[in-house]
Amino acid sequence: MVSGMCRAQYSNHQLYQAYLNQDVSLWGEYIASAQWDSMSVEEQKQLLNYEYGYTAVALGQDTVDATAMLARYEQHLEALKSNLSVARYNAYLTSVYTYKMALDKVHFMSYAKQLFASIKRAADLDNEDAFVMAMMGNVEFYNPFGSKKKALEYLEKADSLYTLSAAEYEQWNHHAVRMTIEQCKKKLNK
């Protein structure tokens, strides 16, 4: 019953509109109100996806909140491990290491090594998963030694895959991919 109330209170449409309006405070409310243990696996996957995005936002605002959000996100990722494809799990894990790199400069190189191993594993396992291709594109795009040309290829593939079949809660991921494609084209003077 609690899970149903949470869904009714925070629809994917509302959460997507909050993203488009660049005000994801609603995401924070949704995440804080979610009762993980009473959610279905699909609801947990949805929550995990919003935690992935919200953790990135928290990193830009407050280190204390970001650290707490990352711990929650990582705990939920591990709890869902057996319910995610190995490729999708590794793509999410890539983001965990990315966020840890931002928070812990002492272990930067260790996290970087784990990040690249995770994304390689994800892409080797399933290069037809939109989230995996989006993460590959992000790694190439934001890596100072990455290739903007390769990033664009991965992101365009992710865009196509999201267009074919994306969960409703992945609308924001699809929009983010499209924005990064435009940034990539700008960097490549296209």
Side-chain angles (χ1 to χ4, degrees), residues 19 24 27-28 30-32 34 36 44-158 161-162 169-170 172-177 179-181 183-184 187:
Y19 174 79
V24 293
W27 288 24
Y30 160 63
I31 290 166
W36 181 265
Q44 290 174 342
K45 287 179 180 180
Q46 174 180 306
L47 178 63
L48 183 75
N49 190 53
Y50 286 111
E51 287 176 336
Y52 152 70
Y54 192 72
T55 301
V57 172
L59 280 169
Q61 296 175 350
D62 183 342
T63 305
V64 174
D65 286 346
T67 302
M69 192 63 232
L70 177 57
R72 177 188 173 121
Y73 168 53
E74 187 174 15
Q75 176 186 6
H76 289 164
L77 175 60
E78 291 308 312
L80 267 178
K81 184 175 182 176
S82 65
N83 293 301
L84 296 169
S85 72
V86 178
R88 181 66 67 109
Y89 169 79
N90 275 280
Y92 275 122
L93 195 56
T94 299
S95 68
V96 168
Y97 293 128
T98 301
Y99 300 155
K100 285 183 175 189
M101 284 172 51
L103 289 170
D104 182 0
K105 304 296 185 210
V106 174
H107 297 100
F108 183 90
M109 292 306 292
S110 173
Y111 293 138
K113 184 177 177 181
Q114 292 170 306
L115 177 159
F116 289 114
S118 293
I119 196 57
K120 181 179 181 339
R121 232 180 345 266
D124 287 347
L125 290 166
D126 189 355
N127 64 3
E128 295 298 317
D129 181 313
F131 187 79
V132 170
M133 289 296 98
M135 195 62 70
M136 283 289 295
N138 287 338
V139 168
E140 284 292 335
F141 184 75
Y142 292 106
N143 173 1
F145 305 107
S147 163
K148 302 297 186 251
K149 184 178 176 186
K150 282 184 183 177
L152 185 58
E153 290 171 14
Y154 293 132
L155 292 165
E156 286 177 336
K157 184 169 184 178
L161 292 167
Y162 274 129
Y169 63 82
E170 292 180 312
W172 79 267
N173 301 84
H174 192 184
H175 188 79
V177 162
M179 288 187 344
T180 310
I181 285 172
Q183 292 173 334
C184 205
K187 292 277 185 187

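All of these numbers come straight from a predicted model, not from anything done at the bench.
- Rounding to the nearest 0.5 Å gives a distance of 14.0 Å between NE2 of His107 and NZ of Lys113.
- Residue Tyr50 holds its OH atom at 8.5 Å from CG of Asn173, rounded to the nearest 0.5 Å.
- Within the model, atoms CD of Glu170 and CD of Gln46 stand 10.0 Å from one another, a figure rounded to the nearest 0.5 Å.
- Nearest heavy atoms, Phe141 versus Cys184: CE1-CA, 3.5 Å.
- Note on residues 108-137: pairs passing ring-ring contact (aromatic ring centres under 6.0 Å, His included), not counting sequence neighbours, are Tyr52-Phe131, Tyr92-Phe131.
- Taking CE of Met101 as the start and OG of Ser110 as the end, the distance is 10.5 Å to the nearest 0.5 Å.
- Evaluation of the side-chain hydrogen bond (donor to acceptor under 3.5 Å, both in side chains) rule for Glu74 yields Lys100 as partners, not counting sequence neighbours.
- Residues Trp172 and Asn49 form a side-chain contact, since some pair of their non-hydrogen atoms from C-beta on lies under 4.5 Å apart.
- Rounding to the nearest 0.5 Å places CE of Met135 at 10.0 Å from CG of Leu93.
- Among all heavy-atom pairs drawn from Lys105 and Ala102, the shortest one is NZ-O, 3.4 Å.
- Every side-chain contact (heavy atoms from CB on, under 4.5 Å) that Ala122 has, sequence neighbours left out, goes to Asn90, Ala91, Ile119, Val132.
- A donor-acceptor pair is defined here as one N or O able to donate and one able to accept, closer than 3.5 Å; such a pair exists between the side chain of Lys45 and the backbone of Asn83.
- Applying the side chain to side chain donor-acceptor pair (under 3.5 Å) definition to pairs two or more places apart or across chains, those involving residues 139-158 are Glu128-Lys157.
- We find the CZ-CD1 distance between Arg72 and Ile31 to be 6.5 Å, quoted to the nearest 0.5 Å.
- Minimum heavy-atom separation, Thr55 to Glu51: OG1-O, 2.7 Å.
- Counting heavy atoms from C-beta outward, Asn138 and Val177 have side chains that stay 4.5 Å or more apart.
- Listed by first then second residue, pairs satisfying ring-ring contact (aromatic ring centres under 6.0 Å, His included) with a partner in residues 56-90 read Trp36-His76, not counting sequence neighbours.
- Between Leu70 and Leu59, the closest side-chain pair of non-hydrogen atoms is not below 4.5 Å.
- Every residue meeting the side-chain contact (heavy atoms from CB on, under 4.5 Å) condition with Thr98, not counting sequence neighbours, appears here in chain and number order: Thr94, Leu115.
- Smallest separation of non-hydrogen atoms from Leu155 and Ala134: CD2-O, 3.9 Å.
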